[in-house]
Amino acid sequence: MSHDYRALGLKAGLEIHQQLDTKEKLFCGCPTLLRDTKESNFEFFRYLRPTQSEMGVVDRAALEEVKLTKRFIYKAYDTTCLVENDEEPPRELNQEAVDCSIMIARLLNMNIVDELYTMRKIVIDGSNTSGFQRTGLVATHGHLESSHGNVGIDVLCLEEEAAQKVEDRGDSVVYSLDRLGIPLVEIGTAPDIVSPEHAREVAEKLGMILRSTGKVKRGLGTIRQDINISIAEGARVEIKGVQDLSLIETIVEREAARQVALAGIKKELNSRNAAVSNKIHDVTKVFSNTSSKVIQKSLKGGVVYAINLPGFAGFAGKEIQPGRRLGTEFSDRAKKSGVGGIFHTDELPNYGITDDEVDALRKAVGAKDGDCAVMVADTKERAKGALEAVVIRAREALVCIPEETRRALPDGNSAYMRPLPGAARMYPETDVPPVEITGERIRNTKLPELIEQRIERYVRDFKLNGEMAGQIARSANFILFENIMHSVPRASATIVVRTLETTLYELNKEGVPSGNINEGHLIQLFRLHSEGKVPNEAIGEVLKIIACKPESGVDSALRELGIGGSTGGLESIIDKIVESRMDFIREKGMNSVGPLMGVVMKDMRGKVSGQEVSRLLKEKISKKLDTIK
Amino acid sequence: MQAEEYDKVRVEIKGIAYEGTLMPSQTDSIVLKLKNGYNIGIKHEFATITLLEKKDETNKLKDTVSAEKRKNEKLPRISILSTGGTIASKIDYRTGAVTSQFSAEDILLAIPELEEIANYNCRMIYSILSENMRPSYWVELARAVYEEIKNGAEGIIITHGTDTMMYTATALSFMIETPVPVVLVGSQRSADRPSSDNAMNAICAAVVATSDIAEVCVVMHGGTSDEFCHIHRGTKVRKMHTSRRDAFQSINSKPIGRIEYPSREIKMLSSYVKRGEKKLALHDRIEPKCALIKYATGASNESLLFHVGSGYKGIVLEGTGLGHVSTEWIPLIKTATDAGIPVILTSQCINGRVCDRVYDTGRDILKAGAIEGEDMLPEVALVKLMWALGESKDIEKVNNTMRANIAGEITRSTCL
């Protein structure tokens, strides 16, 4: 699928959410530690209701959520407190997190506010126990250089992370409180992104800058991207929760395609004079003897309701993203009322619904040729809510592409979540006083070296290849790496990187307590290695012993492996081998070194360095050859 | 034209322009609400403000929502008396703090489920935070309750700040003999948040107000979950936590019952006075000049001396353990009782009964004329003493009243 994005008037902006690696949470003293839900020691549940904002308006996104009377179940831990439980007012804003946001704002050339006000952003899907997310605007008016010129950075906000959804049980949702309150920066770019590739480039660069601070959390789920996308004929759509950077291009492509398709459908529907009837028909009788299992199940205490969409035949079934149709969009909206899904006549007969039943259904709702009937089977209340939502979406299909918040699906498509939230969802968090950010504080913030600069430096100073330089420059171990290289200037940078990034990781995976290995151990080990006293192959074994007996140190580990002692033992072994292979040596001369090397190493691998064996062999063989001559 | 609060403005500073709504500020800074909803503070000195648009006076949601409620004749008549507090609070832009501003009507708008339970007559008595409550306000409130019941209210709900709710509940328990439920309710988390406990507490309060329980009681969350509320007897309840939803606990007694949520089913946990058992009566005289004095290790008897010498009419001592104060205080207790000032001993243990017959100090305290407060909470003893002194000035009569159980404040058997 390739479009001329410039011609389409594609505009995209990114919103990056990155967790900060602070000691404490944003509004309480709890650690920013993720837990296994099995470790939860307390559980409670709540319901949420929307409230008026300070401007006297209820937010449309909040209102839609409240249609559902869901029970929210929360799992608490011995590392969470009454603040997460919404049982205690928040503490003052975490200053470590403020400093961190100032640093990021400066890296993004932003203008930092004089006073940081903590706001409450209404979110009543249960992900915040309070029913709002605390958030404050730290900086505005920044920019980032890119291959398509500067991309504006409109806002940087410091906010609290929401609770993690553990399970959706339909009428209740389970959340884990360990994540709630972890500081998070939200960075929003201007809609200056012009193509799917550009979106990915900007996301990568922002990610690099964030990681350069050394103050952000790493790993799955610690960074999330939302993408705002519109085309000239379309509308702003926010796609939330993209965890995988590689998906960004596909998401932009598919949303642009979706808006193009919806714009096309709108034109065709209008040319056909399509309309939407909001009359809901009770067609339960049509299905009283149905053999469709889905409907039979819903009919126990339920009803079948239907509406007619004049002129919509063929359109509900029309594909707008791979595998998703306009009918899927109807269904997404309907599901918000708690129904499992809807049926429309573009896809019937199917699901056990017969031709005769479809005919009777069409008749019951007064559908003519060219019309599409939509039906749903559930309790009265849910079925009614579902069809009302379909009516709204169908009306929108005639006039516009709806502005909405959508959820990224793993294949790059997206599904409806809720309307775009407005400014009305914000009001001040009166429990948290505003924080003044002085010019002095901003000036005193030390800016870190960017990872891309660090990579260049490693290539230049340590002669690492680009790949390895990138690996260690991006790693949390980069400071350790620099300390080792500083203490042991002759160390092989390649070996150090491989040890830190691969060997230690593998040992850890094997269950070796590699956390016991400290910087001192590593420096001593690499010093001995650089002196030829520890062979490459032995590094892993040595580290394994150190990890298990950290107090006895590197020397003791080497002794245990029989490495690095006097070369006496090695010499006598080599003498024996040389002695027993004299015929071969006579025949091959100095060329016998290579094959004999193999013989010695068979016994000594991992205990001596190959360099040392090679040196001794050469010496002994050449002596022997001299005596023969 | 000068820009005023809530006008749309542009603020320019150091070459950067922000557009938004001018908000009230508590500091020297300009507070601007940006289009994205965020507030930011901008230092005044170098900023220039340009007025873009005057505020829209017509578009206030408050005015567009109709307070007119349909009445269902089959439902009972309940009066809601509003005194302020967190159940009805809102942000005050003058101070930036949460204050009590909602009227009883606002509560009904916010909690429509209440209309399924009863028809309401709403009356604003005060709009104060409960720390500003005074004994003289109890009198007004008691009279209002009396009038409402007399005029046919089948139950009373009083919305109240939680800080001093237990004092008001106690005062009403003594001041009113009621044939209908009188329910105090509040919330621990402000009504301006989606997670507020106000709705569930108010719904449960309405259930109790229409029930058979003709007592003054407090209805508040029974746990941290939105699972059930407890019905506490007005003279046996105490706020035991600064912030938790289930801060209110029955002390030295079981709660009267619990209401499940959202099913609204009542389960009784102990005996209670039933609807219509008592005739409506008002005993609204109060002697506010009484003191509650807490004894702490090493506390000088000067505070007792001060109160005796300053015209206080009654004193409750919050002693240690079984009801003790330092022996140095005992002569002053005698001075007080000799002067006709009743002295009541209660315990800072909160849980359990006072007994001054176990140790010498206690026996000496009794000899000095003090009265054991039994299993009364110190605050309850104070309010009861104010009320008893309102009813009679005679120390013997007052002492007898203090020893007797009037409104469930003293039990014969200490609760396990």
Side-chain angles (χ1 to χ4, degrees), chain A residues 42-58 62 66 69 71 73-74 82 85-89 111 113-124 128-132 135-137 140-141 154-155 157 188 421-428 430-431 433-436, chain B residues 6 13-18 21 23 25-27 29-31 33-44 59-65 90-93 95-98 110-111 188-200 223-227 241-246 261-262:
Chain A
F42 183 66
E43 201 177 278
F44 61 95
F45 66 85
R46 299 266 168 72
Y47 304 95
L48 293 174
R49 332 175 130 238
T51 50
Q52 281 188 14
S53 82
E54 56 181 323
M55 309 300 270
V57 183
V58 178
V66 85
T69 43
R71 172 187 283 206
I73 301 167
Y74 298 100
L82 288 185
N85 290 9
D86 187 47
E87 288 273 53
E88 186 178 287
N111 188 61
V113 300
D114 296 330
E115 274 176 356
L116 167 52
Y117 277 78
T118 301
M119 308 294 291
R120 297 170 171 179
K121 191 196 282 180
I122 296 288
V123 183
I124 56 172
N128 288 72
T129 44
S130 54
F132 49 74
T135 173
L137 181 64
T140 58
H141 296 87
D154 284 348
V155 290
C157 301
R425 73 203 288 221
M426 297 272 228
Y427 62 105
T430 45
D431 297 343
V435 173
E436 187 183 347
Chain B
Y6 301 109
I13 183 163
K14 291 177 265 174
I16 287 181
Y18 298 99
T21 307
M23 300 302 284
S25 171
Q26 308 148 47
T27 63
S29 304
I30 299 163
V31 178
K33 186 174 197 63
L34 304 180
K35 269 191 206 139
N36 59 14
Y38 282 94
N39 289 9
I40 60 169
I42 303 166
K43 290 271 168 233
H44 232 298
N59 190 22
K60 276 191 184 161
L61 185 87
K62 263 205 277 181
D63 303 337
T64 64
V65 177
K90 203 173 152 180
I91 298 150
D92 178 350
Y93 278 88
T95 60
V98 175
I111 313 167
Q188 282 284 85
R189 308 300 288 143
S190 60
D192 57 30
R193 57 180 63 218
S195 61
S196 174
D197 50 337
N198 71 329
M200 177 177 145
T224 194
S225 290
D226 291 341
E227 187 180 10
H241 197 278
T242 57
S243 59
R244 281 180 64 133
R245 286 166 174 73
D246 56 358
Y261 185 83

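First the proteins, then the strands, lettered A, B, ... as listed; each starts at 1.
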At a heavy-atom distance under 4.5 Å, which candidate from B/Pro262, B/Ser195, B/Ser29 has the highest pair count against chain A? B/Ser195
Quick one: does A/His141's side chain get under 4.5 Å of B/Tyr18's, heavy atoms only? yes
Non-neighbouring partners of A/Asn85 that pass side chain to side chain donor-acceptor pair (under 3.5 Å), sequence neighbours left out: none
Give the minimum heavy-atom separation between B/Gly37 and A/Met119, together with the two atoms involved. O-CE, 3.3 Å
For the OH atom of A/Tyr117 and the CE atom of B/Met23, what is their distance to the nearest 0.5 Å? 10.0 Å
Give me the atom names and distance for the closest heavy-atom approach of A/Gly131 to B/Pro194. O-CG, 3.4 Å
Which atom names give the shortest non-hydrogen contact between A/Pro428 and B/Asn39, and what distance separates them? CG-ND2, 3.9 Å
For the residue pair B/Asp226 and A/Tyr47, what are the closest heavy atoms and their distance? OD2-N, 2.8 Å
Nearest 0.5 angstrom please: B/Asn36 CG to A/Asp154 CG, how far? 9.0 Å
Sort out for me which of A/Glu88, A/Glu43, A/Glu115 touches chain B most, counting heavy-atom pairs under 4.5 Å. A/Glu115
Under 4.5 Å heavy-atom distance to chain B, tell me which part of A/Pro433 shows up: side chain, backbone, both or neither. neither
Test your reading of the model: is there a side-chain donor-acceptor pair from A/Arg46 to the backbone of B/Thr224, 3.5 Å cut-off? yes
Can any side-chain N or O of B/Ser225 pair as donor or acceptor with the backbone N or O of A/Phe44 at less than 3.5 Å? no
Work out which heavy atom in B/Arg193 is nearest to a heavy atom in A/Asp86; give both atom names and the distance. NH1-OD1, 2.8 Å
For A/Thr129, is it the side chain, the backbone, both, or neither that has a heavy atom closer than 4.5 Å to a heavy atom of chain B? backbone
Quick check on the interface: out of A/Phe42, A/Tyr74, A/Phe132, who has the most heavy-atom pairs with chain B under 4.5 Å? A/Phe132
Let me confirm one number: the CG-OG1 distance from A/Leu82 to B/Thr242, rounded to the nearest 0.5 Å. 8.0 Å
Modelled atom types, side-chain donor and acceptor of B/Tyr38 and A/Thr135, under 3.5 Å: yes
Please report the shortest heavy-atom distance between B/Lys43 and A/Glu436, naming the atom on each side. CE-OE2, 3.3 Å
